[in-house]
Trainee: 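Pasting in a structure now, in structure tokens, and then I'll have a few things to ask.
Quick note on labels: first sequence line is chain A, next is B, and so on, each numbered from 1.
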Amino acid sequence: MEETEEIKSLNFIEQIIEKDLAEGKNEKRVHTRFPPEPNGYLHIGHAKSICLNGGLAKKYNGKFNLRFDDTNPETEDEEYVNSIRNDVKWLGFQWDGEYNASDYFQQLYDYAVQLIKLNKAFVCELTAEQMREYHGTAVTPGKDSPYRNRSVEENLALFERMKNGEFPDGKYLLRAKIDMASPNMHFRDPALYRIRKKHHYRTGDKWNIYPMYDFAHGLSDAIEGITHSICTLEFEVHRPLYEWINNTLNTTYRPQQIEMSRLNITYTVMSKRKLMQLVNEKHVSGWDDPRMPTVSGLRRRGYTPEAIRDFCERVGISKRENLIDVSLLEFSIREDLNKKAPRVMGVLNPLKVVITNYPEGQVEELEAVNNPEDESAGKRMVPFTKELYIEQEDFLEVPSKKWFRLAPGTEVRLRYAYFITCQEIIKDSEGKVVELRCTYDPASRGGNSPDGRKVKGTIHWVSAIKGISAEIRLYDRLFTTETPDKGDVDFKELINPNSLQVIKSVLEPSLAIAKAGESFQFERMGYFCVDKDSTEKNLVFNRTVSLKDTWAKIADKN
RNA sequence: AGACCCAUGGUGUAAUGGUAGCACUGCACAUUUUGGUUGUGUAUGUCUAGGUUCGAGUCCUGGUGGGUCUACCA
């Protein structure tokens with residue numbers, strides 16, 4: 001046990017933590033946090049962050065906070081807070097403390113006052129356009145604001161009046177006094193507080209000024225005693241400012257910001273802004289549309305927390321740009337569902353089969369295994385009748401040499417039932433095959449012939465009279481290209497028009513009592529779960545993911 | 001352009017100066033009452049040029065390529 005742990009390699013963040021621990025840094029504490037802004041639903045990139053931060057706290061016997069980074073009253077909302085809590089919990093993580101940046105508004109204000117007193121901040125009244133002008137560019141230094149040398153007293157008075165709501169939005173701005181010539185743009189007297197007379201979903205109308213991210217985030221981390229503050233790569237250039245603020249204000253705790261790369265997955269987009277657009281412009285049915293890479297969408301699609309955690313583990317932690325093949329996500333869910341999902345038979349696209357030598361009106365209950373991967377799942381009975389449905393794609397009038405399934409004159413096994421042989425094809429006026437006449441071998445009951453005769457193919461089936469109908473929603477990737485948000489065309493033009501296909505199918509009767517959220521493997525077809533739209537009268541299933549289909553690959557090649 | 005960051009098979013990630021490994025994907029075979037699962041095998045890799053060293057994916061320098069920043073968003 002001890003040995004295997006030592007063999008397992010550490011990611012770069014774990015290496016930093018173990019070094020800190022070894023050096024006795026932070027009183028040997030590990031305290032992480034997940035700091036979402038409540039302005040959208042969580043996606044699988046957030047899930048990765050939750051798994052990392054929550055997992056690190058668990059691994060190093062530390063603490064893990066959930067903190068809503070609610071410093072922008074214009075975009076944030078309670079609805080998002082609730083969905084975020086729900087998603088984090090569902091993923092299997094329990095936070096030690098739940099906080100809000102808005103809990104610290106008074107402390108943050110006091111810190112700002114302190115900064116003014118240290119002559120490290122000033123009230124500026126340049127307009128946004130003027131600011132841009134004074135800001136300089138990457139190659140040219142900026143210019144000092146003409147308001148930069150106000151007295152401490154004047155700054156204090158102005159800042160207080162900003163707080164008291166004496167000025168309109170945008171009139172004044174509290175800025176740090178650092179260095180307008182710094183090559184790091186974030187050091188060019190960054191904005192700390194802006195006037196925004198907006199109702200905040202938690203603090204109401206109490207505040208007329210709101211702190212900016214750079215000011216609020218590092219201080220919130222310090223206030224909570226966070227030791228390792230993990231964020232994504234785009235905040236790398238903010239780190240000197242993050243440290244400047246905590247060092248200048250001489251906070252008790254000095255959390256360390258560590259940046260890692262974002263998660264990207266092929267054939268989807270992973271930015272809240274773009275996901276929001278898909279929702280608002282009705283390209284999907286909502287944040288929880290099963291095609292969305294949101295936690296709620298994946299959940300509705302039938303993904304399990306275990307599969308998502310496994311995926312987040314597999315993608316790894318690093319600082320390079322990456323693009324994870326969506327097949328890795330599919331691997332994780334297949335692996336989990338393969339162990340757990342009960343097997344059933346469902347015919348997606350039915351083709352009628354009449355067993356000509358089977359007694360009219362007879363119903364036999366045949367025994368079927370619920371899960372070959374899990375003996376404890378037990379067995380069930382499936383009704384067999386003279387008229388059945390099989391999958392349209394399991395019959396081919398002119399088969400290739402590698403075809404194992406049904407064709408004129410060939411024999412196949414009906415799973416858990418009988419060997420049948422196709423004797424006759426019935427077509428409609430357009431030449432489409434609408435019915436098959438087959439004979440069965442009564443001696444092959446259960447699926448084995450006493451004479452040892454072998455069949456190459458086993459296909460699934462459902463009794464035509466005992467089967468139940470259901471709506472099945474088949475999902476495909478939401479976009480037609482691997483990286484819809486790269487390149488010149490607008491990502492919405494790359495939406496896959498066939499990402500949702502709704503069909504009417506027929507399922508074995510045991511599924512009549514399936515509950516919303518339950519997952520099944522429809523043998524040979526894939527994993528399906530009951531959608532929340534499902535009712536007793538109209539069963540609705542989502543296809544979570546198809547099974548690996550070796551035959552489709554062979555067929556594709558020809 | 002300036003600052004910062006990154007560079008290992010198709011993809012992702014290990015190797016912490018000493019045999020380039022693992023996973024996904026692909027391909028092949030075996031097993032199979034799911035063309036599923038499982039098992040076995042296999043293909044493909046250290047961006048480049050120098051340097052340090054007995055020895056470099058790892059350290060140093062230059063180049064190249066990619067990313068980020070230049071919001072009163074986070």
Trainee: Ignoring backbone atoms, establish whether A:Arg239 has a side-chain N or O less than 4.0 Å from OP1 or OP2 of B:C69.
Mentor: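 Answer no for this pair, as no side-chain N or O of A:Arg239 is under 4.0 Å from OP1 or OP2.
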Trainee: Do the side-chain N or O atoms of A:Thr71 get closer than 4.0 angstrom to the phosphate oxygens (OP1, OP2) of B:A74?
Mentor: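 For B:A74, OP1 or OP2 has a side-chain N or O of A:Thr71 closer than 4.0 Å.
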Trainee: The side chain of A:Val139 is closest to which nucleotide in this list: B:A1, B:U34, B:C73?
Mentor: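 Between B:A1, B:U34, B:C73, the one nearest the side chain of A:Val139 would be B:A1.
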Trainee: Counting neighbours of CD on A:Gln130 that are heavy atoms of other residues, nucleotides or ligands and sit closer than 6.0 Å, is the number greater than 12?
Mentor: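 Counting other residues, nucleotides and ligands, CD of A:Gln130 exceeds 12 neighbours.
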Trainee: Out of B:A14, B:G36, B:A71, which has the shortest distance to the side chain of A:Arg132?
Mentor: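 Out of B:A14, B:G36, B:A71, the nucleotide with an atom closest to A:Arg132's side chain is B:A71.
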Trainee: Please name the nucleotide paired to B:U19 by Watson-Crick or G-U wobble geometry with both distances under 3.5 Å, or report none.
Mentor: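 When the pairing criteria are applied, nothing turns out to pair with B:U19, so the answer is none.
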Trainee: Decide yes or no, distance alone: a donor-acceptor N/O pair under 3.5 angstrom between the base of B:U70 and the side-chain of A:Arg188.
Mentor: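 Counting by modelled atom types and ignoring angles, no donor-acceptor contact under 3.5 Å is found here.
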Trainee: Determine the interatomic distance between P on B:A20 and the same-named atom on B:G36; round to the nearest Å.
Mentor: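 Rounded to whole Å, the distance is 35 Å.
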Trainee: Applying ring pair (Phe, Tyr, Trp, His ring centres under 6.0 Å), name anything that partners A:Tyr172, two or more places apart in sequence or on another chain.
Mentor: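 A:Tyr172 satisfies ring pair (Phe, Tyr, Trp, His ring centres under 6.0 Å) with A:Phe167 only.
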Trainee: Starting from C1' on B:G36, measure out to CD on A:Gln521 and report it in whole angstrom.
Mentor: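 Between C1' of B:G36 and CD of A:Gln521: 6 Å.
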Trainee: What distance, rounded to whole Å, do you find between the two P atoms, one in B:U44 and one in B:U37?
Mentor: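 The answer is 25 Å between these two P atoms.
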Trainee: Have a look at A:Asn184 and say if it touches a base, only the backbone sugar-phosphate, or nothing, with a 4.0 Å heavy-atom cut-off.
Mentor: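 Here A:Asn184 touches no strand at all.
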Trainee: With both distances under 3.5 Å as the test, what is the Watson-Crick or G-U wobble partner of B:U46?
Mentor: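 Pairing partner: none.
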Trainee: With RNA chain B as reference, determine whether A:Asn448 or A:Thr550 sits nearer its 5' end, using the nearest nucleotide of each.
Mentor: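 Between the two, 5'-proximity favours A:Asn448.
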Trainee: With respect to the phosphate group of B:C73, does any side-chain polar atom (N or O) of A:Arg196 fall under 4.0 Å of OP1 or OP2?
Mentor: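 Yes, A:Arg196 has a side-chain N/O under 4.0 Å of OP1/OP2 on B:C73.
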Trainee: May I ask which nucleotide in the shown strands pairs with B:C59, Watson-Crick or G-U wobble, both distances under 3.5 Å?
Mentor: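 Pair assignment: B:C59 / B:G51.
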Trainee: The side chain of A:Ala138 is closest to which nucleotide in this list: B:C72, B:U70, B:U25?
Mentor: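 Taking heavy atoms from C-beta onward, the closest nucleotide is B:U70.
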Trainee: Below 4.0 angstrom from OP1 or OP2 of B:U70, is there any side-chain N or O of A:Thr137?
Mentor: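 So the side chain of A:Thr137 is outside the cut-off, no N or O lying under 4.0 Å from OP1 or OP2 of B:U70.
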Trainee: How is A:Leu126 classified with respect to the nucleic acid when contacts are heavy atoms under 4.0 Å: base, sugar-phosphate, or nothing?
Mentor: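 It contacts base atoms.
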Trainee: In whole Å, measure the gap between the C1' atoms of B:C4 and B:G57 for me.
Mentor: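 Nearest-Å result for B:C4 against B:G57 at atom C1': 24 Å.
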Trainee: What distance, rounded to whole Å, do you find between the two P atoms, one in B:U40 and one in B:C59?
Mentor: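 Each nucleotide's P atom is 35 Å from the other's.
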Trainee: Assign A:Pro211 to base, sugar-phosphate, or nothing according to its heavy-atom contacts below 4.0 angstrom with the strands shown.
Mentor: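 A:Pro211: backbone/sugar contact only, no base atoms under 4.0 Å.
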Trainee: Name the nucleic acid region contacted by A:His186, choosing base, sugar-phosphate or nothing; use a 4.0 angstrom heavy-atom cut-off, strictly under.
Mentor: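 Sugar-phosphate: the residue A:His186, judged by heavy atoms under 4.0 Å, touches backbone atoms but no base.
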Trainee: Tell me whether A:Lys379 at atom NZ has more than 12 heavy atoms from other residues, nucleotides or ligands lying less than 6.0 Å away.
Mentor: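 Not buried by this count: 12 neighbours or fewer within 6.0 Å.
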Trainee: Would you mind classifying the nucleic acid contact of A:Glu259 as base, sugar-phosphate or nothing, using non-hydrogen atoms under 4.0 angstrom?
Mentor: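 No contact.
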Trainee: Can you check the distance between B:U13 and B:C6, where both ends of the measurement are the C1' atom (answer in whole Å)?
Mentor: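 Comparing C1' positions in B:U13 and B:C6 gives a spacing of 15 Å.
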Trainee: Remember a base hit wins even if backbone is also touched, and classify A:Pro372 as base, sugar-phosphate or nothing at under 4.0 Å, heavy atoms.
Mentor: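 The residue A:Pro372 makes base contact.
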Trainee: Applying the Watson-Crick and G-U wobble criteria at under 3.5 Å, what pairs with B:C4? Answer none if nothing qualifies.
Mentor: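 Answer to the pairing question: B:G67, which forms a Watson-Crick or G-U pair with B:C4.
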Trainee: Under the ring-ring contact (aromatic ring centres under 6.0 Å, His included) criterion, do A:His217 and A:Phe235 qualify, and how do the steps go?
Mentor: CA-CA 11 Å; A:His217 201 92; A:Phe235 291 100; 7.4 Å; no
Trainee: Parallel, tilted or perpendicular: which describes the rings of A:Tyr210 and A:His200, with under 30° parallel and over 60° perpendicular?
Mentor: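 Parallel.
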Trainee: Mind checking if A:Leu323 touches a base, just sugar-phosphate, or nothing, with heavy atoms under 4.0 Å?
Mentor: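 The residue A:Leu323 makes sugar-phosphate contact but no base contact.
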Trainee: Within a radius of less than 6.0 Å around CZ of A:Arg453, do more than 12 heavy atoms belonging to other residues, nucleotides or ligands occur?
Mentor: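 Count over threshold, so yes.
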Trainee: Expressed as a whole number of Å, how far does the P atom of B:C22 sit from that of B:G55?
Mentor: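 Here B:C22 and B:G55 have their P atoms 29 Å from each other.
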Trainee: Tell me: CG of A:Leu192 to P of B:C73, nearest whole Å?
Mentor: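 Nearest whole value for this atom pair: 13 Å.
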Trainee: Between A:Lys198 and A:Asp169, is the closest basic N to carboxylate O distance under 4.0 Å?
Mentor: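 Between A:Lys198 and A:Asp169 there is no salt bridge, as every charged N stays at least 4.0 Å from the carboxylate O atoms.
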Trainee: Among the candidates B:G12, B:C6, B:U37, find the nucleotide nearest to the side-chain atoms of A:Lys319.
Mentor: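 For the A:Lys319 side chain, the nearest candidate turns out to be B:C6.
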Trainee: With heavy atoms under 4.0 Å as the rule, sort A:Phe235 into base, sugar-phosphate or nothing.
Mentor: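 A:Phe235: base contact, heavy atoms under 4.0 Å.
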Trainee: Touch check for A:Phe404, heavy atoms < 4.0 angstrom, all strands: base, sugar-phosphate only, or nothing?
Mentor: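 Answer is base: heavy atoms of A:Phe404 come under 4.0 Å of a base.
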Trainee: What integer distance in Å separates A:Arg415:CZ from B:G35:P?
Mentor: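 The answer, rounded to whole Å, is 8 Å.
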Trainee: Report the base-pairing partner of B:C27 (Watson-Crick or G-U wobble, both distances below 3.5 angstrom), or none.
Mentor: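 Pairing partner, where one exists within any strand: B:G41.
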Trainee: Measuring from the side chain of A:Glu236 (C-beta onward, heavy atoms only), which nucleotide among B:G36, B:C5, B:A71 has the closest atom?
Mentor: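 The closest nucleotide is B:C5.
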Trainee: Closest to the A:Lys553 side chain: B:G26, B:C24, B:G2?
Mentor: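 Out of B:G26, B:C24, B:G2, the nucleotide with an atom closest to A:Lys553's side chain is B:G26.
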Trainee: Nearest to the side chain of A:Arg320, heavy atoms from C-beta on, is which of B:A1, B:U13, B:C73?
Mentor: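 Of B:A1, B:U13, B:C73, B:U13 is nearest to the side chain of A:Arg320.
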Trainee: Given B:U34, is OP1 or OP2 found less than 4.0 Å from the side-chain N or O atoms of A:Arg413?
Mentor: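 Answer no for this pair, as no side-chain N or O of A:Arg413 is under 4.0 Å from OP1 or OP2.
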Trainee: Taking OP1 and OP2 of B:C73, is either one under 4.0 Å from a side-chain nitrogen or oxygen of A:Arg273?
Mentor: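 Result: no.
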Trainee: Is there a donor N/O on one and an acceptor N/O on the other, under 3.5 Å, for the side chain of A:Arg314 and the base of B:G12?
Mentor: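 No pair found.
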Trainee: With a centroid cutoff of 5.5 Å and a plane-angle limit of 30°, would you call A:Tyr213 stacked on B:A74?
Mentor: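 Stack criterion not met.
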Trainee: With heavy atoms under 4.0 Å as the rule, sort A:Glu373 into base, sugar-phosphate or nothing.
Mentor: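 It contacts base atoms.
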Trainee: What integer number of Å spans the P atoms of B:U52 and B:U46?
Mentor: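 To the nearest whole Å, 23 Å.
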Trainee: Check the orientation of A:Tyr213 and A:His238. Use parallel for under 30°, tilted for 30 to 60°, and perpendicular for over 60°.
Mentor: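 Rings of A:Tyr213 and A:His238: perpendicular, over 60°.
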Trainee: Tell me if a side-chain donor or acceptor on A:Arg413 pairs with a main-chain N or O of A:Tyr418 at a distance below 3.5 Å.
Mentor: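 Pair absent, no side-chain N/O of A:Arg413 close to backbone of A:Tyr418.
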Trainee: With a 3.5 angstrom cut-off on both distances, give the Watson-Crick or G-U wobble partner of B:G35, or none if there isn't one.
Mentor: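 With both distances under 3.5 Å required, B:G35 matches none.
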Trainee: Measure centre to centre between the rings of A:Phe215 and A:Tyr193, then say whether the value is under 6.0 Å.
Mentor: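 They qualify: ring centres under 6.0 Å apart.
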Trainee: Mind checking the P distance from B:U68 to B:C29? Whole angstroms is fine.
Mentor: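 To the nearest whole Å, 44 Å.
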Trainee: Which residue, A:Ala417 or A:Leu547, contacts RNA chain B at a nucleotide closer to its 5' end, judged by nearest heavy atom?
Mentor: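 Nearer the 5' end of the strand: A:Ala417.
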Trainee: Does a side-chain N or O of A:Arg194 approach OP1 or OP2 of B:A74 to a distance below 4.0 Å, or not?
Mentor: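 Result: yes.
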Trainee: Looking for any heavy atom pair under 4.0 Å, which part of the strands does A:Leu328 touch: base, sugar-phosphate only, or nothing?
Mentor: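 Answer is sugar-phosphate: A:Leu328 comes under 4.0 Å of backbone atoms only.
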Trainee: What does A:Leu174 touch in the nucleic acid at a heavy-atom separation under 4.0 angstrom: a base, only the sugar-phosphate, or nothing?
Mentor: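 Counting heavy atoms under 4.0 Å across all strands, no contact is made by A:Leu174.
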Trainee: Could you work out which one of B:C24, B:U34, B:U25 sits closest to the side chain of A:Lys548?
Mentor: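 The answer is B:U25, which lies nearest to the side chain.
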Trainee: Give the nucleotide from the list B:U11, B:G35, B:A3 with an atom nearest to the side chain of A:Asp549.
Mentor: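 Shortest atom-to-atom distance from the side chain points to B:G35.
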Trainee: For A:Met131, answer base if it contacts any base atom (sugar-phosphate contacts may also be present), sugar-phosphate if it contacts only those atoms, and nothing otherwise; contact means non-hydrogen atoms under 4.0 Å.
Mentor: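 The residue A:Met131 makes sugar-phosphate contact but no base contact.
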Trainee: Taking N and O atoms by type only, does the side chain of A:Glu321 place a donor or acceptor under 3.5 Å from a partner on the base of B:G12?
Mentor: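 Check fails, no donor-acceptor contact within cut-off.
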Trainee: For a quick check of understanding: with a heavy-atom distance under 4.0 Å over all strands, which category does A:Arg405 fall into, base, sugar-phosphate or nothing?
Mentor: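 It contacts base atoms.
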